[in-house]
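Below: the structure, in structure tokens.
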Amino acid sequence: MLIPPEGKWIDCFARNFKACAIGPGVTVALLCETQSRPINVATAKLALAQLGAACVTIEVPTPPQTEIVPIRSTGASDAIQHSRAVIAALSSVDVVIDCTVEGLLHAPELPQILKSGTRLMMVSNEHPEILERLGTDPGLEARVQKGVARIRAARQMRVTSEAGTDLHISLENCPAGGNWGYCTQPGTRSHWPGGLVAAFPNKGGVNGRLHLCAGDANLTFKRYFETEVVLSIEDDFVVDIEGAGLDAELLRSYFAAWEDRNAYAVSHVGWGMNPRARWDSMVMYDKADINGTEQRVFAGNFLFSTGANEHAGRFTKGHFDIPMRGCSIELDGSPIVERGQLLGELK
């Protein structure tokens with residue numbers, strides 16, 4: 001259904017773009033594809049015009065679906081298709097506003113674009129009401145940076161829960177970062193809504209058991225778990241999926257459909273820091289209206305992800321993002337999240 005841009009949504013987008021230091025004299029490329037959410041593209045155009053930015057729109061065809069299973073919420077859009085012309089155009093502006101369906105955060109072309117000094121602001125493929133409700137919070141930046149400093153200084157992460165989760169993660173020499181929903185520095189990237197700290201563990205660094213419980217979210221399926229599923233993880237790879245209900249059966253089926261061992265591997269781990277995001281809001285929207293970014297960033301969640309991890313030399317299109325409630329997270333034995341609640345300077 002086509003929705004006309006609301007004035008309040010235009011103002012909301014403009015506030016986010018202004019936080020990205022977009023205004024008169026700043027060159028912007030608005031990247032979209034033929035299956036992008038029309039309301040977000042239209043709203044972004046009007047917001048950029050309101051700010052007086054010099055904007056060009058680049059629309060590319062959404063590529064054919066070639067996989068046997070649907071792909072959702074990967075952050076690795078294949079819309080650019082390695083086009084030299086598109087890469088050159090995106091590399092010649094100050095800012096790219098990314099309105100592609102899956103987003104360019106992990107797209108293979110992004111490093112080349114960022115190397116030029118262009119910065120990327122990904123507008124997550126959400127209904128604009130979600131973006132309006134979460135807004136742009138300048139207060140997140142300092143808190144997320146503190147979280148990034150903590151995870152970069154740590155050697156070990158341990159995640160536990162009363163349900164039985166006990167996961168050990170080596171953080172030595174692994175890349176880690178965070179985002180707060182906007183970016184101002186050349187060659188950086190962010191996504192909106194923001195409020196996430198995450199690390200990509202090195203090869204062989206993740207071991208233990210993960211107990212997924214009712215209310216945890218499977219963002220690839222855009223549904224909550226209703227029955228317990230237990231993942232056993234050895235040297236990064238999910239080696240066993242225990243559970244008698246539909247949730248476990250769906251996980252087994254989707255993992256197996258890829259016929260790719262790397263689909264079973266850990267991609268990234270981290271925690272959410274956005275106090276405005278709600279874990280339960282997914283019940284209020286149709287699946288087509290959401291991308292699940294709100295669930296990725298709600299404060300105190302442990303975000304567990306499987307799939308591609310370029311830093312460990314693994315590439316695959318199979319992907320799960322699973323934000324979990326009620327977990328406790330320790331860095332080198334020091335608690336930073338206790339039973340789903342941020343502690344100390346992070347809250």
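Counting heavy atoms from C-beta outward, His168 and Val206 have side chains that stay 4.5 Å or more apart. Looking only at side-chain heavy atoms (C-beta outward), Gln295 and Ser281 come within less than 4.5 Å of each other. No side-chain heavy atom of Thr27 sits less than 4.5 Å from a side-chain heavy atom of Val95. Contact check for Ser116 versus Thr118: side-chain heavy atoms found under the 4.5 Å cut-off.
Asp94 places no side-chain N or O within 3.5 Å of a backbone atom of Val26 that could act as its donor or acceptor partner. Asp289 places no side-chain N or O within donor-acceptor distance of the main-chain N or O of Glu126, the cut-off being under 3.5 Å. A donor-acceptor pair under 3.5 Å is absent between the side-chain atoms of Thr227 and the main chain of Ala214, judged by distance alone. Between the side chain of Tyr254 and the backbone N or O of Pro70, at least one donor-acceptor pair lies under 3.5 Å. Side chain of Asn274 to backbone of Pro193: no donor-acceptor contact under 3.5 angstrom is found. Within the 3.5 Å criterion, the main-chain N or O of Phe221 finds a donor-acceptor partner in the side chain of Asn218. In this structure a side-chain-to-backbone donor-acceptor pair under 3.5 Å is present from Gln81 to Asp78.
Annotation: side chain to side chain contact (heavy atoms under 4.5 Å, CB included) contacts of Gln341 (sequence neighbours excluded): none. Applying the side chain to side chain contact (heavy atoms under 4.5 Å, CB included) test to Asn125 and every residue at least two apart in sequence or in another chain returns Arg37, Val101, Asn291. For the side chain to side chain contact (heavy atoms under 4.5 Å, CB included) test, residues two or more places apart in sequence or in another chain that qualify with Pro5 are Ile10, Ile39, Ala42, Thr43, Leu46.
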(request) Evaluate the side-chain hydrogen bond (donor to acceptor under 3.5 Å, both in side chains) criterion for residues Glu33 and Thr62: first the C-alpha distance (whole Å), next the side-chain angles of each, then the deciding distance (0.1 Å), finally the verdict. (result) CA-CA 5 Å; Glu33 57 185 294; Thr62 298; 2.7 Å; yes

(request) Applying side-chain hydrogen bond (donor to acceptor under 3.5 Å, both in side chains), run through Asp98 and Thr100 and close with a yes or a no. (result) CA-CA 6 Å; Asp98 176 13; Thr100 59; 2.7 Å; yes

(request) Check step by step if side-chain contact (heavy atoms from CB on, under 4.5 Å) holds for Ser334 and Arg150. (result) CA-CA 10 Å; Ser334 177; Arg150 293 285 297 274; 3.5 Å; yes

(message) Could you walk me through whether Phe304 and Trp271 satisfy the ring-ring contact (aromatic ring centres under 6.0 Å, His included) test, starting with their C-alpha distance in whole Å, then the side-chain angles of each, then the deciding distance to 0.1 Å, before giving a yes or no?
(response) CA-CA 9 Å; Phe304 174 78; Trp271 65 86; over 10 Å; no

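His319 has its ring centre no less than 6.0 Å from the ring centre of Trp258. The ring of Tyr264 has its center no closer than 6.0 angstrom to the ring center of Phe237.
Hydrophobic clustering (ILVMFWY, side-chain heavy atoms < 4.5 Å, transitive): Leu303 and Val148 are in distinct clusters. The hydrophobic cluster containing Val297 does not contain Leu131, counting ILVMFWY residues as joined when their side-chain heavy atoms lie under 4.5 angstrom apart, directly or transitively. Residues Met324 and Val197 are members of one and the same hydrophobic cluster, defined by side-chain heavy-atom contacts under 4.5 angstrom among Ile, Leu, Val, Met, Phe, Trp and Tyr. By the rule that hydrophobic residues join a cluster once side-chain heavy atoms approach within less than 4.5 Å of another member, Tyr224 and Leu251 end up as members of separate clusters. Ile68 and Phe320 fall within a single hydrophobic cluster, where Ile, Leu, Val, Met, Phe, Trp and Tyr are joined by side-chain heavy atoms under 4.5 Å apart, directly or via other members.
Rounding to the nearest 0.5 Å gives a distance of 7.0 Å between CZ of Phe200 and CD of Glu310. One finds the NE2 atom of His211 at 11.5 Å from the OG1 atom of Thr160 (value rounded to the nearest 0.5 Å). To the nearest 0.5 Å, atoms CD (Gln145) and CH2 (Trp180) are separated by 4.5 Å. Put simply, CD1 on Ile97 and SG on Cys20 are 6.0 Å apart, with the number rounded to the nearest 0.5 Å. Atom CD1 in Ile329 sits 6.0 Å away from atom CZ in Phe302 (nearest 0.5 Å). The CG atom of Asn179 sits 3.5 Å away from the NE2 atom of His191 when rounded to the nearest 0.5 Å.
Within 6.0 Å of atom CD in Glu234, 12 or fewer heavy atoms from other residues, nucleotides or ligands are found, so the atom counts as exposed in its surroundings. Within 6.0 Å of CZ on Arg223 lie more than 12 heavy atoms contributed by other residues, nucleotides or ligands. Other residues, nucleotides and ligands contribute over 12 non-hydrogen atoms within 6.0 Å of the CD atom of Glu141. Gln65 CD: more than 12 foreign heavy atoms inside a 6.0 Å radius.
Looking at Glu162 and Arg339, a side-chain N of the basic residue comes within less than 4.0 Å of a carboxylate O on the acidic one, giving a salt bridge. Of the charged side-chain nitrogens involved, none lies within less than 4.0 Å of a carboxylate oxygen, so that Arg276 and Asp137 do not count as a salt-bridged pair. Salt-bridge annotation for Arg314 and Asp236: present, with a side-chain N of the basic residue lying under 4.0 Å from a carboxylate O of the acidic one. Ion pair Arg209/Glu242 flagged as a salt bridge, since at least one NZ, NE, NH1 or NH2 atom sits closer than 4.0 Å to an Asp/Glu carboxylate oxygen. Between Arg143 and Glu345, none of the side-chain N atoms (NZ, or NE/NH1/NH2) sits under 4.0 Å from a carboxylate O, so this pair counts as no salt bridge.
When all heavy atoms are compared, the tightest approach of Ala47 to Ala14 is CB-N, 3.6 Å.
Under the side-chain hydrogen bond (donor to acceptor under 3.5 Å, both in side chains) criterion, the residue pairs touching residues 12-21 are Asn16-Thr136, with sequence neighbours excluded. The salt bridge (charged side-chain N to carboxylate O under 4.0 Å, His left out) analysis of residues 163-175, with sequence neighbours excluded, yields the pairs Arg155-Glu172, Arg158-Asp166.
Residues Leu31, Ile58, Val60, Ile80, Val86, Ile87, Leu90, Val93, Val96, Leu104, Leu105, Ile113, Leu114, Leu120, Met122 make up the rest of the hydrophobic cluster containing Leu110, defined by ILVMFWY side-chain heavy atoms closer than 4.5 Å, directly or through other members.
Exactly one residue among Asn262, Thr306, Asp260 makes a side-chain hydrogen bond (donor to acceptor under 3.5 Å, both in side chains) with Thr316. That residue is Asp260.
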